[in-house]
Amino acid sequence: MTAELPQSVLFCCDYNAVRSPMAEGLMKQLYGTDTYVQSAGVHSEQEIDGFSIAVCEEIGIELSRHRVRSFDEMEQWGDDLSSFDVVVALSPASQRRALELTRVFHLEVVYWPILDPTGLGETREAKLSAYRQSRDQIRAHMIDRWGPAKGGQE
């Protein structure tokens with residue numbers, strides 16, 4: 001049984017540089033603009049990861065203009081956590097931070113255990129393979145939760 005698409009979803013991970021930007025891009029690709037989608041990290045010291053950009057480009061998702069941001073920056077920029085229907089945490093640290101920040105709101109925080117591909121693989125091809133695995137895990141979780149893509153793209 002798939003859940004109804006939320007009106008707004010926030011994806012979060014450790015640095016908003018690998019998994020959460022991929023999730024943001026995938027969500028927009030699969031379900032269009034019916035859902036407001038953002039992503040954030042516990043920290044924001046890194047730039048968007050080049051391997052994330054590459055593996056998303058392979059399936060037609062543009063990530064190179066993504067601007068990394070933390071939960072704190074998100075709030076400074078006017079995105080209030082309480083305005084999201086669901087927060088999807090893609091790492092244990094981001095799940096803890098999301099639960100901490102949302103304890104005063106009635107907000108669903110979901111945890112998807114997505115492989116952190118950073119540091120995996122010796123060669124470029126092995127690294128890309130690890131990133132593809134993370135990307136595909138995220139996509140599978142989305143389809144499992146919210147059903148097939150709009151327009152039937154599987």
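- If you take NE2 on His43 and OG on Ser94, they are separated by 10.0 Å, rounding to the nearest 0.5 Å.
- In this structure, the separation between CD on Gln46 and CD1 on Ile48 is 10.0 Å, given to the nearest 0.5 Å.
- Across every non-hydrogen atom of Cys56 and Leu63, the tightest pair is SG-CD1, 3.6 Å.
- Formation of a donor-acceptor pair under 3.5 Å by the Thr35 side chain with backbone atoms of Met27 is not found in this model.
- Residue pairs meeting the salt bridge (charged side-chain N to carboxylate O under 4.0 Å, His left out) criterion with at least one partner in residues 22-32, sequence neighbours excluded, are Glu24-Lys28.
- Partners of Glu108 according to the salt bridge (Lys or Arg N to Asp or Glu O under 4.0 Å) rule, which considers only residues two or more places apart in sequence or in another chain, are Arg145.
- Nearest heavy-atom pair across Leu128 and Ala54 is CD2-CB, 3.9 Å.
- Not counting sequence neighbours, Thr33 has no partner by the side chain to side chain contact (heavy atoms under 4.5 Å, CB included) test.
- If you check the side chains of Arg69 and Gln38, you find a donor sitting under 3.5 Å from an acceptor.
- Checking Asp72 against Ser70 by side-chain atom types alone, no donor-acceptor pair falls below 3.5 Å.
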Could you walk me through whether Trp146 and Leu30 pass the side chain to side chain contact (heavy atoms under 4.5 Å, CB included) test, one step at a time?
CA-CA 10 Å; Trp146 294 303; Leu30 290 173; over 6 Å; no

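- Distance check, rounded to the nearest 0.5 Å: OG1 of Thr102 to CG of Leu10 gives 10.5 Å.
- Proximity of Gln29 to Glu62: side-chain heavy atoms (C-beta onward) are nowhere separated by under 4.5 Å.
- Other residues, nucleotides and ligands contribute at most 12 non-hydrogen atoms within 6.0 Å of the CD atom of Gln7.
- At least one side-chain heavy atom of Leu81 sits under 4.5 Å from a side-chain heavy atom of Met74.
- Residues Leu26 and Ile59 form a side-chain contact, since some pair of their non-hydrogen atoms from C-beta on lies under 4.5 Å apart.
- A distance of 3.5 Å separates SG of Cys12 from CZ of Phe71, quoted to the nearest 0.5 Å.
- Residues passing the side chain to side chain contact (heavy atoms under 4.5 Å, CB included) test with His141, sequence neighbours excluded: Trp112, Pro113, Ile114.
- Note that OG of Ser134 is 12.5 Å distant from CZ of Phe51, once rounded to the nearest 0.5 Å.
- Between the side chains of His66 and Asn16, at least one donor-acceptor pair of N or O atoms lies under 3.5 Å.
- Counting only heavy atoms from C-beta outward, the side chains of Leu107 and Val86 never approach each other to under 4.5 Å.
- Residues passing the salt bridge (Lys or Arg N to Asp or Glu O under 4.0 Å) test with Arg135, sequence neighbours excluded: Glu58.
- Taken together through direct or relayed side-chain contacts under 4.5 Å among Ile, Leu, Val, Met, Phe, Trp and Tyr, Leu90 and Tyr15 form parts of separate hydrophobic clusters.
- Asp49 meets the salt bridge (Lys or Arg N to Asp or Glu O under 4.0 Å) test with no other residue; sequence neighbours excluded.
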Working note: Arg19 + Phe11, criterion side chain to side chain contact (heavy atoms under 4.5 Å, CB included); need CA distance, chi angles, decisive distance, verdict.
CA-CA 9 Å; Arg19 291 168 286 181; Phe11 291 101; over 6 Å; no

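- A heavy-atom distance below 4.5 Å is found between the side chains of Pro92 and Tyr111.
- Taking the six-membered ring for Trp and thresholds of 30 and 60 degrees, Phe84 and Tyr36 have nearly parallel ring planes, at less than 30 degrees apart.
- Nearest heavy-atom pair, Ser91 versus Asp14, reported as atom, atom and distance to 0.1 Å: OG-OD1, 2.5 Å.
- Residues Leu99 and Arg103 fail the side-chain proximity criterion, which asks for heavy atoms closer than 4.5 Å.
- Interatomic distance, CE of Met22 versus CD of Gln137, reported as 9.5 Å (0.5 Å rounding).
- In this structure, Leu115 and Leu120 have side chains that are in contact, with non-hydrogen atoms separated by less than 4.5 Å.
- When all heavy atoms of Pro6 and Asp85 are compared, the pair lying nearest together is C-OD2, 3.7 Å.
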